[in-house]
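What follows is a short report on a single structure.
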There are 2 protein chains.
Amino acid sequence: MNIDRKDRQILEALQADARQSLAALGKRIGLSQPAMSERVRKLEEAGVIEGYGARVNLRALGVGLQAIIRIDTTHAGIAKYLKLFDAMPEVLSADRVTGESCFIVRCAIAEPADLERVVDALAVDGSVTTSLVLSSPVNKHVTVQAARTPKK
Amino acid sequence: MNIDRKDRQILEALQADARQSLAALGKRIGLSQPAMSERVRKLEEAGVIEGYGARVNLRALGVGLQAIIRIDTTHAGIAKYLKLFDAMPEVLSADRVTGESCFIVRCAIAEPADLERVVDALAVDGSVTTSLVLSSPVNKHVTVQAARTPKK
DNA sequence: GATGAAATTGCACATTA
DNA sequence: TAATGTGCAATTTCATC
């Protein structure tokens with residue numbers, strides 16, 4: 001799929017606010033409402049837009065802190081950990097990575113006492129290194145520049 | 001703000017698909033359309049819902065790999081890095097953390113050659129440890145269980 | 001672009017804790 | 001008696017031609 005300037009503007013805008021009306025967005029970037037609908041439909045169909053999600057405030061849901069935990073395990077432990085991640089509601093995301101660790105996991109923790117339980121649970125089959133998140137100063141959308149070499 | 005069972009269902013559903021109609025969602029969880037609108041409005045107003053965003057496929061935008069880079073710097077370097085993160089389109093997010101590192105940064109890289117440039121740029125005022133993301137097997141919504149101790 | 005279908009919003013009223 | 005939910009009408013938004 002070929003992504004032109006207007007598509008990029010659309011992606012940018014929908015990342016910032018996915019519930020704005022397509023008509024209003026079209027007016028802003030100079031496109032009629034049906035043209036907008038068609039572009040968005042194609043972006044969805046091509047898998048460029050994977051979905052739309054609400055951003056929720058973790059604090060409001062009782063999550064007092066977040067932790068980023070690195071896990072080092074054996075090759076055999078990997079499958080075991082994948083199951084564990086699925087079973088633990090505190091695990092928000094897990095990335096399999098190269099380097100000294102096998103996984104980098106982000107966890108939502110209600111309060112300090114829960115952190116101990118989570119760390120213990122994650123240490124069953126490997127070693128863990130825990131970093132508490134103090135703040136998240138940067139959280140960007142994917143921008144035009146980040147997509148320097150679009151697939152043809 | 002008090003969040004009851006229906007609110008949790010709403011949050012869950014809107015995290016999964018933020019563009020579904022409130023009418024359909026209301027029917028599913030047993031609420032009339034205006035009642036749904038009202039609940040969503042209140043969740044937004046209370047800051048529980050911070051916004052709505054499109055999830056875009058990084059591969060489709062030419063991002064061939066992602067890296068998670070830990071940065072260790074001096075206290076004086078922190079402000080400098082915050083500016084640098086803002087200026088670098090490859091930086092998707094940065095968390096300030098406790099532990100041996102000061103920041104954990106996620107970067108979108110077009111191709112391997114760009115990784116070198118990004119790592120070099122991030123190493124100007126501290127030491128970096130780079131992990132390439134092989135896969136992201138877990139990516140969950142915030143669930144009811146994760147919010148064990150809701151604020152009153 | 002224009003048109004019909006669907007969704008959202010606003011308002012008056014009922015219900016319940 | 002507040003707070004919350006319902007039903008209906010008016011407006012806006014969306015999909016198809």
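Each chain gets a letter, A, B and so on, in the order the sequences are listed, and its residues count up from 1. Every value quoted in this text rests on a predicted model; they were computed, and no experiment measured them.
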For B/Ala94 and A/Pro137 the tightest heavy-atom approach is O-CD, 3.2 Å

Phosphate contact (D/dT4 OP1 or OP2) by B/Lys42 side-chain N/O below 4.0 Å: yes

So which protein nitrogen or oxygen atoms get under 3.5 Å of nucleotides 14-16 of chain D's nitrogens or oxygens?
from	atom 1	to	atom 2	distance (Å)
D/dC14	OP1	A/Leu22	N	3.2
D/dC14	OP2	A/Leu22	N	3.1
D/dC14	OP2	A/Ala23	N	3.3
D/dA15	N7	A/Gln33	NE2	3.1
D/dA15	N6	A/Gln33	OE1	3.1

To the nearest Å, give me how far apart NZ (A/Lys27) and P (C/dG1) are. 13 Å

d(CG, B/Asp7; C1', D/dG5) in whole Å: 14 Å

Sidechain-backbone polar pair: A/Asp4 side chain, A/Lys6 backbone, donor-acceptor under 3.5 Å: yes

Under a 4.0 Å N-O cut-off, is there an ion pair linking A/Glu45 with A/Lys42? no

Between the main-chain N or O of A/Val142 and the side-chain N or O of A/Gln15, is there a donor-acceptor pair closer than 3.5 Å? yes

For the pair made of CD in B/Glu38 and P in C/dA14, what is the distance, rounded to whole Å? 19 Å

Measuring only between side-chain heavy atoms, which start at C-beta, is B/Phe85 closer than 4.5 Å to B/Ile71? yes

Ignoring hydrogens and geometry, is there a side-chain-to-backbone donor-acceptor pair from A/Ser131 to B/Gly99 under 3.5 Å? no

From CE of B/Met36 across to P of D/dT4 the rounded distance in Å is 15 Å

I'd like to check the side chain to side chain donor-acceptor pair (under 3.5 Å) partners of A/Asn139; sequence neighbours left out, ordered by chain and number. none

Please list each protein N or O that sits under 3.5 Å from an N or O in nucleotides 15-17 of chain C, with the distance.
none

What I want to find out is whether A/Asp120 reaches A/Arg117 closely enough, with some N-O distance under 4.0 Å, to be called a salt bridge. no

Whole angstroms only, please: what is the CG-P distance between B/Leu31 and C/dA7? 16 Å

